[in-house]
Protein chains: 2
Amino acid sequence: MRILLVEDDSALRDTLSQALRLAGYGVDPVSDGRAADNALAANIYDLVVLDLGLPYLDGMTVLRRLRDRKNRTPVLVLTARDGINERVQGLKTGADDYLTKPFALPELEARIEALLRRAAGGQVRLTHGPLEFDLDGHVVSINGEPAHFSVREMMVLEVLMQRAGQVVIKTRLAQKISNWDDEIGVNTIEVYIHRLRKKLEPWGIRIRTIHGLGYLLEPYAKI
Amino acid sequence: MRILLVEDDSALRDTLSQALRLAGYGVDPVSDGRAADNALAANIYDLVVLDLGLPYLDGMTVLRRLRDRKNRTPVLVLTARDGINERVQGLKTGADDYLTKPFALPELEARIEALLRRAAGGQVRLTHGPLEFDLDGHVVSINGEPAHFSVREMMVLEVLMQRAGQVVIKTRLAQKISNWDDEIGVNTIEVYIHRLRKKLEPWGIRIRTIHGLGYLLEPYAKI
DNA sequence: AACAAGATGAGAATTCTCCTGGTTGAGGAT
DNA sequence: ATCCTCAACCAGGAGAATTCTCATCTTGTT
């Protein structure tokens with residue numbers, strides 16, 4: 001799997017490319033829009049991670065030029081926290097997903113995986129009784145009815161579902177969900193668990209507390 | 001199991017190496033990045049505990065150099081909570097786990113165990129007749145039914161099961177359970193043994209007392 | 001028998017969880 | 001711009017569960 005990484009901040013570029021290599025991808029890091037455009041014209045990539053604020057040639061332009069060449073390579077856009085409009089514009093222009101900085105590295109990896117899966121035609125669903133979680137589309141549904149869950153709620157739920165029947169330690173949950181520059185308190189996790197319970201218990205899906213350790217998604221049993 | 005401990009604060013280094021030795025690991029403590037780099041080039045370790053703020057050679061660099069040598073030894077990174085962005089960006093890079101200071105010693109030990117298990121491949125299940133203990137998932141079940149055990153009860157049970165049929169000295173149990181600083185009385189162990197017996201004897205699982213020494217999980221025999 | 005070691009039940013001390021409510025900040029609507 | 005809504009996060013206190021000690025009783029050893 002070959003990824004083109006377009007990011008002008010050199011520290012971040014190094015960090016990301018090393019992380020992605022460790023995750024098993026082949027990474028070509030470039031630092032400006034012109035280099036990205038050239039690389040995309042000359043090579044075939046499985047995915048592009050594209051920062052928007054770039055020297056020489058704007059990220060948005062790179063994306064537009066790519067799509068103009070009828071190239072459907074998945075593109076994951078990185079935007080600054082306050083680049084609200086950019087995001088909307090990016091999705092319109094043909095980005096497949098976006099992530100606002102700062103983001104948690106695991107989340108980037110998760111989204112990359114999801115995009116690659118989608119591109120490969122695969123669809124990944126976690127199910128637990130009447131509960132379904134479409135990781136690609138970030139959609140949760142119960143009994144086929146789409147249900148509303150916030151981003152954080154989904155993150156917690158995803159971890160719990162992936163380890164259903166096993167204890168997930170609270171600090172581990174906190175780490176999975178935190179951004180990379182500050183960790184959230186464990187109390188926050190408790191609040192999300194509380195909210196998830198409110199939404200899930202009416203459907204017979206229970207999250208058990210393991211005192212002193214964490215939480216566990218109980219195996220589903222019909223009532 | 002051989003652990004390289006890289007920590008420049010001498011007090012913490014001593015504390016940790018002592019604790020890890022008590023937990024049964026072979027520990028090589030070093031105090032700076034250069035020493036760590038040399039040690040890693042010359043020896044094979046099962047795990048590295050790596051502080052990031054180091055003299056002579058930065059912890060992040062040690063890690064990168066290690067990975068550049070295609071060395072996959074698990075690395076657990078320790079970071080200061082206030083050592084904000086600079087390192088925190090890179091710390092998730094190539095580290096297998098990380099822990100922010102200050103941390104509780106039991107948590108460090110738990111994560112070390114988890115990393116070693118993961119490196120050894122696969123999940124660990126202890127079984128003893130109808131009793132099953134999934135260490136990673138922290139789930140104990142009897143005859144397939146999940147059973148409720150408190151954290152401390154699990155700790156004692158784990159040691160007993162790992163050395164089933166052999167005598168476990170009481171102080172070893174006490175030390176497995178004790179926290180950072182304060183030791184607990186021997187009677188406390190007796191209480192937990194008592195509780196375990198109450199839960200296990202109905203299923204024909206017996207813990208024998210070896211007077212003056214400790215306890216022993218009897219080989220399981222059907223009734 | 002006399003002493004030491006262990007078992008046991010009860011409860012105090014400690015730790016953990018749950019939940020309410022409030023602050024902040026982003027994004028959308030007016 | 002300004003207001004509004006909603007998500008994210010944290011603080012704090014009531015209540016719950018666990019941990020651990022103590023006092024007492026039982027068992028084992030010499």
Side-chain angles (χ1 to χ4, degrees), chain A residues 79-91 98-104 107 138 140 147-157 167-171 173-179 181-201 206-216, chain B residues 81 104 106-107 138 140 147-157 167-171 173-201 206-216:
Chain A
T79 78
R81 183 177 280 271
D82 49 346
I84 316 147
N85 289 336
E86 286 182 336
R87 173 192 306 171
V88 180
Q89 207 183 334
L91 285 172
Y98 63 90
L99 210 47
T100 50
K101 296 191 238 185
F103 50 83
E107 172 147 31
H138 298 114
V140 178
H148 177 73
F149 287 77
S150 80
V151 177
R152 289 295 201 253
E153 285 167 359
M154 284 193 215
M155 286 182 173
V156 174
L157 184 59
V167 176
V168 182
I169 293 164
K170 217 187 296 188
T171 53
L173 272 174
Q175 274 190 0
K176 286 253 185 202
I177 286 167
S178 306
N179 284 329
D181 49 3
D182 62 357
E183 278 189 27
I184 63 176
V186 279
N187 187 26
T188 306
I189 298 298
E190 290 161 11
V191 172
Y192 286 118
I193 293 288
H194 176 62
R195 294 200 184 139
L196 284 176
R197 279 177 172 154
K198 259 213 267 220
K199 292 182 179 175
L200 296 176
E201 277 180 356
R206 255 180 266 288
I207 299 172
R208 168 126 44 101
T209 303
I210 309 300
H211 195 101
L213 267 182
Y215 298 94
L216 168 155
Chain B
R81 182 170 286 278
E107 173 145 29
H138 292 99
V140 178
H148 180 74
F149 287 78
S150 82
V151 180
R152 292 281 143 91
E153 287 166 358
M154 283 193 209
M155 286 177 171
V156 174
L157 183 60
V167 176
V168 181
I169 297 162
K170 218 185 285 187
T171 52
L173 288 172
Q175 166 252 312
K176 170 86 181 177
I177 283 182
S178 54
N179 287 327
W180 251 138
D181 25 46
D182 56 17
E183 290 286 316
I184 59 173
V186 268
N187 190 16
T188 307
I189 298 300
E190 290 158 10
V191 170
Y192 284 114
I193 293 289
H194 177 59
R195 292 202 181 141
L196 284 176
R197 279 176 171 154
K198 258 211 249 198
K199 291 183 179 174
L200 297 176
E201 278 180 356
R206 258 182 261 294
I207 299 171
R208 183 172 341 144
T209 304
I210 309 299
H211 198 94
L213 268 180
Y215 298 94
L216 168 155

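Quick caveat, the model's predicted, so the values are computed rather than measured.
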task: Could you check whether Lys170(B) gets within reach of a base, just the sugar-phosphate, or nothing at all, counting any heavy atom under 4.0 Å?
output: sugar-phosphate

task: Look at all strands and tell whether Tyr215(A) reaches a base, only sugar-phosphate, or nothing, counting heavy atoms closer than 4.0 Å.
output: sugar-phosphate

Round to the nearest Å and state the distance from [X] atom [atom1] to [N] atom [atom2].
X         : N       : atom1 : atom2 : answer
Leu196(B) : dG6(C)  : CG    : P     : 17 Å
Glu153(B) : dT19(D) : CD    : P     : 7 Å
Arg208(B) : dA7(C)  : CZ    : P     : 13 Å
Met155(B) : dT18(D) : CE    : C1'   : 13 Å

Would you please confirm or rule out a distance under 4.0 Å between OP1 or OP2 of [N] and any side-chain N or O of [X]?
X         : N       : result
Thr188(B) : dT21(D) : yes
Ser150(A) : dA8(D)  : yes
Arg152(A) : dC9(D)  : yes
Arg197(B) : dA7(C)  : yes
Lys198(B) : dG9(C)  : yes
Tyr192(A) : dC9(D)  : yes

message: Quiz question: going by heavy-atom distance under 3.5 Å, is there a donor-acceptor pair between the base of dC16(C) and the side chain of Asn187(A)?
response: no

- prompt: What heavy-atom pair brings Arg208(A) and Arg197(A) nearest, and what distance separates the two atoms?
  reply: C-NH2, 3.9 Å

message: Which heavy atom of Phe149(B) sits nearest to which heavy atom of Met154(B), and what is that distance?
response: O-CE, 3.4 Å

field: Shortest side-chain distance from His194(A), nucleotide among dC19(C), dC20(D), dG6(C)
entry: dC19(C)

task: Please determine, for the side chain of Val151(B), which listed nucleotide (dC22(D), dT19(D), dC19(C)) has the closest atom?
output: dT19(D)

Heavy-atom donor-acceptor pair, Lys199(B) side chain to His148(B) backbone, under 3.5 Å: yes

Short heteroatom pairs, N/O only, protein and nucleotides 21-23 of chain C, under 3.5 Å:
none

Spacing of CZ belonging to Arg195(A) relative to CG belonging to Leu157(A), to within rounding of 0.5 Å: 14.5 Å

message: Looking at Ile210(B), I want to see if its CD1 is surrounded by more than 12 non-hydrogen atoms of other residues, nucleotides or ligands under 6.0 Å.
response: yes

message: Consider side-chain contact (heavy atoms from CB on, under 4.5 Å). Of Ile193(A), Val168(A), Ile207(A), which one does Val156(A) pass it with?
response: Ile193(A)

